[in-house]
Number of protein chains: 2
Amino acid sequence: MVEDVIRALGHATLGSRLRRLGERLQAEAQELTGLLTGEELPSPHHTVLGALSRNGPMNIGDLAVCLGQAQPGVTRMIGKMKTAGLVIAHTDLSDRRVSTIHLTERGKKRIAELEALHWPAVEAGVATLCGQLEGSLLDQLTGLETLLNEKSLKQRVLEAQSQENEP
Amino acid sequence: MVEDVIRALGHATLGSRLRRLGERLQAEAQELTGLLTGEELPSPHHTVLGALSRNGPMNIGDLAVCLGQAQPGVTRMIGKMKTAGLVIAHTDLSDRRVSTIHLTERGKKRIAELEALHWPAVEAGVATLCGQLEGSLLDQLTGLETLLNEKSLKQRVLEAQSQENEP
DNA sequence: CTTATTTATATACTAAGTTATATATCTTGT
DNA sequence: ACAAGATATATAACTTAGTATATAAATAAG
């Protein structure tokens, strides 16, 4: 039995710990997208689609702000999403430096699937997990890690789905 | 004022949110290493040094387990730390597939600095922040983000240091 | 005692983020 | 009207993670 060093170091390595747990949840959520909607979607695409769905067409700079992320990363992600046919850029007529990102029909269809099938299921699954946590931030992180070790988010969400169908 | 989409999507994007906040804390902590010990040290080096300091020499596989990370990432990180002169690998005599990673003198010196100067300061700073949080995991994350927006971890730790010197 | 399987580490490729800087366009001051 | 500065996006170079797979060494099976 080897100890978990990042957990053992406590507040001193909280950054590493949050990041590690975040990556784990992202990976599980991405796998769930595939199972629930029939097609995977990289985690950063979710948040971009969410931003465009909530706010309507946006330019790169505003997207970066509302995703809390550096602009070059958003530019690259939008490039991939263009290739995937999810978004399209329109150069602003009154300021040709600005490119406004719109959802394509495919992007709108994809986000409708997310809103109908993926987000509610993940929201419910994660909320159920978080509802079992209490105490300090470190305690809750430990609790969440423990719950995920016992049974993955994926498994929990799929079980909840099947119970819905045969109650 | 643009809304923070990742925050707004709640439990559905908890993974992205944990990761984003983790990266932010890691970046601040790394900057603090430079200020407190005179030389920066990448965040993953901290946890590897911590593991070797707590457990003594370890092989790559066990390191991966106790860091909660995939083996190829650890191999790569150890490669960089060898180049930086922090660790050295000894091939196991009884099983020549296994390479045991030891701290060098420089590595031991570096970790002594971390234990004396960096970890206690960051531990205290982050613990003070976390002590002000309460409620659900999402609430505590929002609280932590808000506190960090008001004043960076770096600034908080440096202020605590100067108060220590002139009480 | 060889062949087959397992195991430990290394390598190749991909993804997503960062900072620093280049490019193109717009705005301003004279 | 035009040079100087500001701003929006793009590109480059780097970091750190992951999965899949190759390599090399040890163990097991016949």
Side-chain angles (χ1 to χ4, degrees), chain A residues 2 6 13 15-31 34 40-48 58-65 67-84 87 89-101, chain B residues 2 6 13 15-31 34 40-48 58-65 67-84 87 89-101:
Chain A
V2 200
I6 288 171
T13 51
S16 302
R17 188 158 179 201
L18 290 172
R19 187 174 172 184
R20 184 178 68 173
L21 185 53
E23 279 167 0
R24 179 175 181 180
L25 280 175
Q26 281 189 322
E28 290 215 45
Q30 181 169 331
E31 210 181 337
E40 291 216 353
L41 188 72
S43 180
H45 291 199
H46 284 248
T47 49
V48 173
M58 302 179 76
N59 63 46
I60 302 265
D62 288 345
L63 266 173
V65 171
L67 297 172
Q69 196 178 318
Q71 168 262 312
V74 175
T75 295
R76 201 155 3 88
M77 198 50 58
I78 290 296
K80 289 187 184 173
M81 294 179 72
K82 281 185 203 163
T83 305
V87 298
H90 292 310
T91 300
D92 189 311
L93 294 178
S94 68
D95 182 344
R96 298 196 340 260
R97 291 170 307 181
V98 177
S99 87
T100 307
I101 312 301
Chain B
V2 200
I6 289 171
T13 51
S16 302
R17 190 161 176 197
L18 289 172
R19 184 172 174 186
R20 184 178 68 175
L21 185 52
E23 280 168 359
R24 181 175 179 179
L25 279 175
Q26 281 189 322
E28 290 214 44
Q30 181 171 331
E31 210 182 337
E40 292 216 353
L41 187 72
S43 180
H45 292 200
H46 284 247
T47 50
V48 173
M58 304 179 76
N59 64 45
I60 302 266
D62 288 345
L63 265 174
V65 171
L67 296 172
Q69 195 177 318
Q71 168 262 313
V74 175
T75 296
R76 209 161 342 100
M77 198 50 59
I78 290 297
K80 288 188 185 173
M81 292 178 72
K82 281 184 202 162
T83 306
V87 299
H90 291 310
T91 300
D92 187 311
L93 294 178
S94 69
D95 183 345
R96 298 198 336 263
R97 293 170 304 181
V98 177
S99 86
T100 308
I101 311 301

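Every chain is numbered from 1 and lettered A, B, ... according to where its sequence line falls, protein lines coming before strand lines.
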Quiz item: If you take all heavy atoms of B/T91 and B/R96, which pair is closest and at what distance?
Solution: CG2-O, 3.6 Å

Quiz prompt | Beyond-backbone contact of B/V48 with B/I101, side-chain heavy atoms, under 4.5 angstrom | solution = no

Exercise. With the side chain of B/P44 defined as its heavy atoms from C-beta on, choose the nearest nucleotide among C/dG17, D/dA17, D/dT9.
Key: D/dA17

Quiz item: For A/S43 and A/Q26, which heavy atoms make the closest approach, and how far apart are they?
Solution: OG-NE2, 3.2 Å

Quiz prompt | Atom pair distance, as rounded to whole Å: CG in A/L67 and C1' in C/dA16 | solution = 13 Å

Exercise. Have a look at A/G61 and say if it touches a base, only the backbone sugar-phosphate, or nothing, with a 4.0 Å heavy-atom cut-off.
Key: sugar-phosphate

Quiz item: What closest approach, in Å, do B/T47 and A/S16 show between heavy atoms, and which atom pair accounts for it?
Solution: CG2-OG, 4.2 Å

Self-check item: A/I60, nearest nucleotide to its side chain (from C/dA8, D/dT19, D/dT9)
Solution: D/dT9

Quiz item: Do B/Q71 and C/dA8 have a side chain to base donor-acceptor pair shorter than 3.5 Å?
Solution: no

Exercise. Ignoring backbone atoms, test whether B/K80 places a side-chain nitrogen or oxygen under 4.0 Å from the OP1 or OP2 oxygen of D/dT16.
Key: yes

Quiz item: Please give, in whole Å, the distance from C/dT23 P to A/D95 CG?
Solution: 20 Å

Quiz item: Which nucleotide in the list D/dA17, C/dT25, D/dT11 gets nearest to the side chain of A/T75?
Solution: D/dT11

Quiz item: Which residue lies toward the 5' end of DNA chain D, A/T100 or A/E23, if each is placed at its nearest nucleotide?
Solution: A/T100

Quiz item: Quick one: on DNA chain C, does B/R19 or A/P72 contact a more 5' nucleotide (nearest heavy atom)?
Solution: B/R19

Exercise. Mind calculating the distance between CD1 (A/I78) and P (D/dA8) to the nearest angstrom?
Key: 16 Å

Quiz item: Is A/R96 side chain donor-acceptor paired with the C/dA24 base, going by distance under 3.5 Å alone?
Solution: no

Quiz item: Rounded to the nearest Å, what distance is computed from the CG atom of residue A/L25 to the P atom of nucleotide D/dA17?
Solution: 18 Å

Quiz item: With a 3.5 Å cut-off and just heavy-atom distances, do the side chain of B/Q69 and the base of D/dA17 make a donor-acceptor pair?
Solution: no

Quiz prompt | Base of D/dT9 paired with side chain of A/R97 (donor-acceptor, under 3.5 Å) | solution = no

Quiz item: What is the distance, rounded to the nearest whole Å, between atom CE of A/M81 and atom P of C/dA16?
Solution: 11 Å

Quiz item: For the base of D/dG18, is there a side-chain donor-acceptor partner from B/R76 under 3.5 Å away?
Solution: yes

Practice problem: To the nearest Å, give me how far apart CZ (A/R20) and P (D/dT16) are. | Solution: 17 Å

Self-check item: Whole-Å distance separating the CG atom of A/D92 from the C1' atom of C/dT25
Solution: 12 Å

Quiz item: Between B/G68 and A/R20, which heavy-atom pair has the shortest distance, and what is it?
Solution: O-CD, 3.7 Å

Quiz item: Quick one: A/H45 NE2 to C/dT14 C1', roughly how many Å, whole number?
Solution: 13 Å

Practice problem: For B/S43, report the nucleic acid contact type (base, sugar-phosphate, nothing); a contact means any heavy atom under 4.0 Å. | Solution: nothing

Quiz item: Can you find a heavy atom in the side chain of B/D92 that is under 4.5 Å from one in the side chain of B/N59?
Solution: no

